[in-house]
Asker: 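Dumping the structure here so I can ask a few things about it.
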There are 2 protein chains.
Amino acid sequence: MQKLTAQRQAILDMINRSDKHWEADDVAYALKEEGVQIGIATVYRGLAALAEQGLIESIQLADKKRYERADKAHHDHLICTDCGNIEEFCEPEIEALQDKVAAERGFKIEGHQLLLFGLCKTCKAGES
Amino acid sequence: MQKLTAQRQAILDMINRSDKHWEADDVAYALKEEGVQIGIATVYRGLAALAEQGLIESIQLADKKRYERADKAHHDHLICTDCGNIEEFCEPEIEALQDKVAAERGFKIEGHQLLLFGLCKTCKAGES
DNA sequence: ATGCCGAATGATAATCACTATCACTATCAT
DNA sequence: ATGATAGTGATAGTGATTATCATTCGGCAT
């Protein structure tokens, strides 16, 4: 019952066009830049709908959500607390251990989020 | 330069008294219950200060922060998306893998957060 | 004791990401 | 065409958290 409307298609295209981790404002701004007129509420709803359909991925940071392309393998994130840059990594062994832990307690995993905070290579080098 | 004032001591005592995952409102309410008069802004500031000093632990959920006692071993969380209950687990192998991943890319880990979302044993049993 | 200074307090206003409301419109099945 | 259903967009509202600011507290030097 979710529809892929022209607005949602525009949002999806925009996100698929880069590897950025978009926040709602970014998407709205980028769309306006290229002359697509779309209300901010529609952007929020569109992002939520697309994520629910699995057409994009969402990650929840401290204060806001970010969205990214879904057409890549599952991965988690390294977030630099200095420059805010987000790196991705993939570690199947961690996923396997998560499943093990959940199985041990009868917990049914529907999703997970692993965030590593710290200093990226560049920022670490720049520290005193 | 952070001070452990009477208000902050009261917050700390309250949190240490149970294994709950407190949110700011809970703490403010519980303190008022036992006659401690304290402003909500002071609760927020106190929680932030205590967490910064390592006297309590904080975890960041989607919309709000939760705080818990710091005097137990490090652990991560299983969050039931149905009843909201939070379980804890400890899996040193996962931590080791995180360190490995970070080391591989020259990333210096300062902290991490692993949240597993899904249905707890009870809620899973209650599903159709 | 007194005065000073940085930090804390508390009432309240402000912020900010997001969600609800509501009138209107687009799409689809009959 | 008709009605049902979902989407749109402007805008108001929400809720957790943070900023503001006048006041107060706790040490420490005098």
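Only a predicted model underlies this, so the values are computations on that prediction, with no experimental measurement involved. Because only heavy atoms are used, hydrogens play no part in the values below, and waters and symmetry mates are left out as well, while side chains stay in. Sequence lines set the chain letters: A, B, ... in the order given, protein chains first and strands last, and positions in each chain run from 1.
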Asker: Could you list the donor-acceptor pairs under 3.5 angstrom formed between side-chain atoms of residues 87-97 of chain B and any protein atom two or more places apart in sequence or on another chain?
Answerer:
| residue | atom | partner | partner atom | Å |
| --- | --- | --- | --- | --- |
| B:Glu88 | OE2 | B:His21 | NE2 | 3.0 |
| B:Glu88 | OE2 | B:Lys72 | NZ | 3.1 |
| B:Glu88 | OE2 | B:His75 | NE2 | 3.4 |
| B:Glu95 | OE2 | B:His74 | NE2 | 3.3 |

Asker: What residues in residues 23-53 of chain A put a non-hydrogen atom under 4.0 Å from any atom of DNA chain C?
Answerer: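 Close to the strand are A:Ala41, A:Tyr44, A:Arg45.
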
Asker: Can you name the residues that form a side chain to side chain contact (heavy atoms under 4.5 Å, CB included) with A:Glu57, not counting sequence neighbours?
Answerer: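 Here the qualifying residues are A:Glu68, A:Ala70.
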
Asker: Could you tell me the separation between the CD atom of B:Gln60 and the P atom of C:dA17, rounded to a whole number of Å?
Answerer: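 So the two atoms are 14 Å apart, to the nearest Å.
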
Asker: Who are the side chain to side chain donor-acceptor pair (under 3.5 Å) partners of A:Gln98, not counting sequence neighbours?
Answerer: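 Listed in chain order: A:His112.
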
Asker: For B:Thr81, enumerate each residue passing the side chain to side chain donor-acceptor pair (under 3.5 Å) test, keeping only those at least two apart in sequence or located in another chain.
Answerer: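 In terms of side chain to side chain donor-acceptor pair (under 3.5 Å), with neighbours along the sequence ignored, B:Thr81 is linked to A:Glu110.
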
Asker: Just to verify, what does A:Ala41 make a side chain to side chain contact (heavy atoms under 4.5 Å, CB included) with, not counting sequence neighbours?
Answerer: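 A:Ala41: side chain to side chain contact (heavy atoms under 4.5 Å, CB included) contacts with A:Arg45.
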
Asker: Give me the first and last nucleotide of DNA chain D, going 5' to 3', that has any atom under 4.0 Å from a heavy atom of chain B.
Answerer: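 Reading along DNA chain D, I get D:dA16 to D:dT20.
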
Asker: Dump every N/O contact between nucleotides 5-7 of chain C and the protein below 3.5 Å, one line per pair.
Answerer:
| residue | atom | partner | partner atom | Å |
| --- | --- | --- | --- | --- |
| C:dA7 | O3' | B:Met1 | O | 3.3 |

Asker: Could you tell me if the side chain of A:Leu61 sits less than 4.5 Å from the side chain of A:Leu115, heavy atoms only?
Answerer: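 Heavy-atom side-chain distance check passes, below 4.5 Å.
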
Asker: Can you sort out the partners of A:Gln53 under side chain to side chain donor-acceptor pair (under 3.5 Å), two or more places apart, ordered by chain and number?
Answerer: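 Partners of A:Gln53 by the side chain to side chain donor-acceptor pair (under 3.5 Å) criterion come out as none, since no residue qualifies.
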
Asker: Sequence neighbours left out, cut at 3.5 Å: what donor-acceptor pairs do the side chains of residues 2-15 of chain B make with other protein atoms?
Answerer:
| residue | atom | partner | partner atom | Å |
| --- | --- | --- | --- | --- |
| B:Gln2 | NE2 | B:Glu52 | OE1 | 3.4 |
| B:Thr5 | OG1 | B:Arg8 | N | 3.3 |
| B:Arg8 | NH1 | B:Lys3 | O | 3.2 |
| B:Gln9 | NE2 | B:Asp13 | OD1 | 3.3 |

Asker: Not counting sequence neighbours, which residues clear side chain to side chain donor-acceptor pair (under 3.5 Å) with B:Arg69? List them please.
Answerer: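 Residues passing side chain to side chain donor-acceptor pair (under 3.5 Å) with B:Arg69: B:Asp19, B:Asp71.
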
Asker: Run the side-chain donor-acceptor check on residues 22-37 of chain A: report pairs under 3.5 Å with partners two or more places apart or on a different chain.
Answerer:
| residue | atom | partner | partner atom | Å |
| --- | --- | --- | --- | --- |
| A:Glu23 | OE2 | A:Lys64 | NZ | 2.9 |
| A:Asp26 | OD2 | A:Glu23 | N | 3.1 |
| A:Glu34 | OE1 | A:Arg17 | NH1 | 3.1 |

